[in-house]
Each structure stands twice: as C-alpha cells, then as structure tokens.
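All remarks here apply to the structure that follows.
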Amino acid sequence: MNTPSATAARPARHDDPWALNADLHCHSAVSDGTLSPEALVARAHAQGVGLLALTDHDELGGQAAAMRAARGLGLAYVPGIEISVSWAHETIHVLGLGIDPGNTTLASGVAGVRAGRQARAREMAAQLAAVGIDGAYEGALRHVRNPQLISRTHFARFLVEAGHCADLGEVFLRYLTEGRPGFVPHRWARLSDAVGWILGAGGTAVLAHPGRYRLDELALWALIQEFREAGGSAIEVVCGSHTRDQYARFAGIAREFDLRASRGSDFHGPGESRVELGALAPLPDTVIPVWADWPAAVAA
Ligand code: AMP
Ligand code: MN
Ligand code: MN
Ligand code: MN
C-alpha cells in the first residue's frame, strides 16, 4: 500500500466503502418515477454515482434495461426492488438489494402485491369524486407508464396538474393519506414474506426510510426485531426522507441492532424529488455500509 499509483488504481470501494457514492434507492417510470430506467441510469452516472440500484415499487420490470444501461456506462449496479408491506396497520417499505431479477418466487410474490392496485385506484377516484374532484382515475392513468403499477404518486401528479394542489407535498397533506379524501386502506405483503422473497432471490433485505413510519419507539423496536428475525440485515440511515438528526438516530439504531447501513436518495424524477441522485451525505463512519462486503463483481 506504499505505492501511490497502485493505491490510486484500485477502485475506492475496496479501500474505503464509506467514500463510495452509492445510491441504492430510486425509482423509474416502471413504478412511480418519471424517467425511463435508461435515463435514470444515465443521470445517476452523470451525477457521479459510483454504485446504483434501481428499486421500483413491487416491480422488477426495469431491471434488465437498467443493468444494460449501467454496463454500457461502466457504472457498478445491483438489481433492486422496494416491496410494500403491511405491518401493524402501517405501510412499511422493504428494499431488496442484489436480488436475482429472474427469481420466479420473488416475481410472483410481487405480482401478487401489485394485483390489488387497480381496484384500490378505482376506490381512490370514487372518494375524490365524492369531494368534487372528477376524472381522477383517468387523470392518474395519464401519468402511468406501467399499467400494473398505478400508485398514489400518479394521483398526486394529477391533483397538481389539475390545479388542486401546488405540489406533491401539499397533495399528501390534504389528500391520499389516512383521514383525507382518496385514502384507501390496503393490505400489502406480510413482512416475513417480503423478506423471505428477497433472501430467496439471493438479496439483502433493507428496512427503508424508518424515520417515515408513524411508530413510537416501542413499535419501531418491535418492527426491527421482527425484521431481523425474518432475516433482514440492513436499515436505511442516510436517505432522501431523513433529516441530519435522523441520520444520527438511525446510525445508532443500526449499531444497536447489529444492522448494516444503506444510503439512497429515493429519487423519483427531476424537479420532483427533494434529493438528487447521489447527492446525499456519506454514511457516518460509526456504521458499516451494506455494500462493504459485496463482491467486487457488482462492478461493471
Ligand atoms: P402507493 O405505493 O401507491 O401507496 O404510493 C406511495 C408513494 O407515494 C411513495 O412511494 C411516494 O413516492 C409517494 N409519497 C408518499 N408520501 C409522499 C409525500 N409526502 N410527498 C411526496 N410523495 C409521497
Ligand atoms: Mn414512490
Ligand atoms: Mn418508500
Ligand atoms: Mn422509494
């Protein structure tokens, strides 16, 4: 390690995983993002991302295109997914990183999770119609690129476009959330099933944006225990929906529960997301990055 040239020739991830600009959480138009997988990968590369995972909601349909695009750019890539889970009356998101996108059990599992979205969307539109907002189903559909994946985000884009709200943030304060018009309770995957599909597909299960859940400390503790018992091994620490205080809080929780830490922007599209691809703070050096011991084979 004394020869500077030899050190410089080695990719940063071997020497210092904390220095790698990993973005392991983002969305394409195959779920509720606005860019194609190819355009998303190109943007990540242009923003200086050094390791990327596309993690569409309940969908693997973008993986082949993302992998191809990443290979073409020499960008290290791991296949990913973000699975919607129902746990104790709360919706929880679990990321699967490094999964085999061809795994049939995972594919059929998430197909089942997607299945209820159409009927849910019809009910959401009916609720919105009841408060005087007509045409929401058709309006949301205009923003959908994948007919199997109609989400609240598509309704939110319609509500902004139709002038009911100024931006997506306002939409989720006034509509589509519990107690507001357009909220339809839904049963997603079971936590143990989602984690099991991810592990069965060779992946690492990561608890996404823990700071977003409306859970008190005890309930969060119970969630993490159950997640670990199911085989979950990592937690998002630095992510687009956490504050700096939450980086520190969840770094502490990662250590307490012996979980690896992940970092991801949760980017959904230019002009829409608060955080750009690859633009987050690095992981604190008190935690171990989830990618620290991934094989160098994830490199392009
Ligand atoms: P769904 O899976 O249909 O319930 O939609 C959930 C999606 O809504 C999330 O993945 C986010 O993209 C979006 N979303 C939820 N809350 C907010 C918010 N406060 N601001 C912007 N987008 C949000
Ligand atoms: Mn989303
Ligand atoms: Mn999420
Ligand atoms: Mn997400």
Side-chain angles (χ1 to χ4, degrees), residues 23-35 37 40 44 52-59 62 80-87 89-97 110 112-125 127-128 136-137 140-141 143-160 165-180 182-189 194 205-214 235-236 238-243 262-275 277 280:
D23 195 330
L24 302 177
H25 186 165
C26 61
H27 298 273
S28 78
V30 173
S31 64
D32 62 348
T34 59
L35 300 179
L40 186 84
L52 181 71
L54 166 64
T55 54
D56 276 318
H57 298 283
D58 310 319
E59 253 293 358
I81 192 160
E82 181 174 20
I83 303 181
S84 313
V85 163
S86 293
W87 186 86
H89 310 293
E90 183 70 357
T91 295
I92 302 296
H93 286 171
V94 177
L95 297 165
L97 300 177
V110 294
V113 178
R114 286 196 302 270
R117 282 185 177 272
Q118 276 298 334
R120 172 190 188 235
R122 293 280 187 190
E123 275 187 62
M124 287 165 64
Q127 279 195 25
L128 291 171
Y137 181 78
L141 219 49
H143 294 276
V144 170
R145 294 291 162 268
N146 172 4
Q148 287 196 41
L149 211 296
I150 181 161
S151 84
R152 287 187 290 159
T153 315
H154 302 110
F155 279 84
R157 290 188 185 125
F158 158 75
L159 289 167
V160 171
C165 294
D167 54 33
L168 296 200
E170 188 187 336
V171 173
F172 285 97
L173 289 175
R174 293 179 50 203
Y175 300 100
L176 312 183
T177 48
E178 199 155 355
R180 307 279 171 185
F183 179 74
V184 177
H186 195 73
R187 274 217 76 76
W188 304 104
V206 182
L207 186 64
H209 43 61
R212 259 173 65 173
Y213 308 131
R214 296 161 306 167
I235 189 167
E236 272 194 318
V238 172
C239 69
S241 38
H242 283 175
T243 62
S262 195
R263 173 179 187 262
S265 60
D266 208 359
F267 183 80
H268 281 69
E272 201 172 87
S273 290
R274 201 165 54 81
V275 178
L277 288 159
L280 289 165

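Each ligand, and each atom within it, is numbered from 1 in the order the structure gives.
- Ligand 1 lies under 4.0 Å from heavy atoms of Asp32, His57, Arg117, Arg120, Ser151, Arg152, Thr153, Phe172, Arg212, His268.
- Between Leu277 and Cys26, the closest heavy-atom pair is CD2-CB, 3.9 Å.
- Remark: Thr153 OG1 to Glu272 CD distance equals 7.5 Å, nearest 0.5 Å.
- To the nearest 10 degrees, the Mn ion (ligand 2) sees NE2 of His57 and NE2 of His268 at an angle of 120°.
- Rounded to 10°, the angle formed at the Mn ion (ligand 4) by NE2 of His27 and NE2 of His25 is 110°.
- Expressed to the nearest 0.5 Å, how far NE2 of His93 lies from CG of Asp58 amounts to 7.0 Å.
- Considering just the N/O/S atoms of Asp266, the one nearest the Mn ion (ligand 4) carries the name OD1.
- Looking at Asp32, its N, O or S atom nearest to the Mn ion (ligand 2) turns out to be OD2.
- Side chains of His268 and Asp32: a donor-acceptor N/O pair is present below 3.5 angstrom, by distance only.
- Atom CG of Asn146 sits about 8.0 Å away from atom NE2 of His154, to the nearest 0.5 Å.
- Looking only at its N/O/S atoms, Glu82 has OE1 as the one nearest to the Mn ion (ligand 4).
- When all heavy atoms of Leu52 and Leu24 are compared, the pair lying nearest together is C-CD2, 4.1 Å.
- Using a 3.5 Å distance cut-off with no hydrogens or angles, the side chains of Glu82 and His27 do pair a donor with an acceptor.
- Going from atom OG of Ser28 over to atom CD of Glu59 covers 8.5 Å, rounded to the nearest 0.5 Å.
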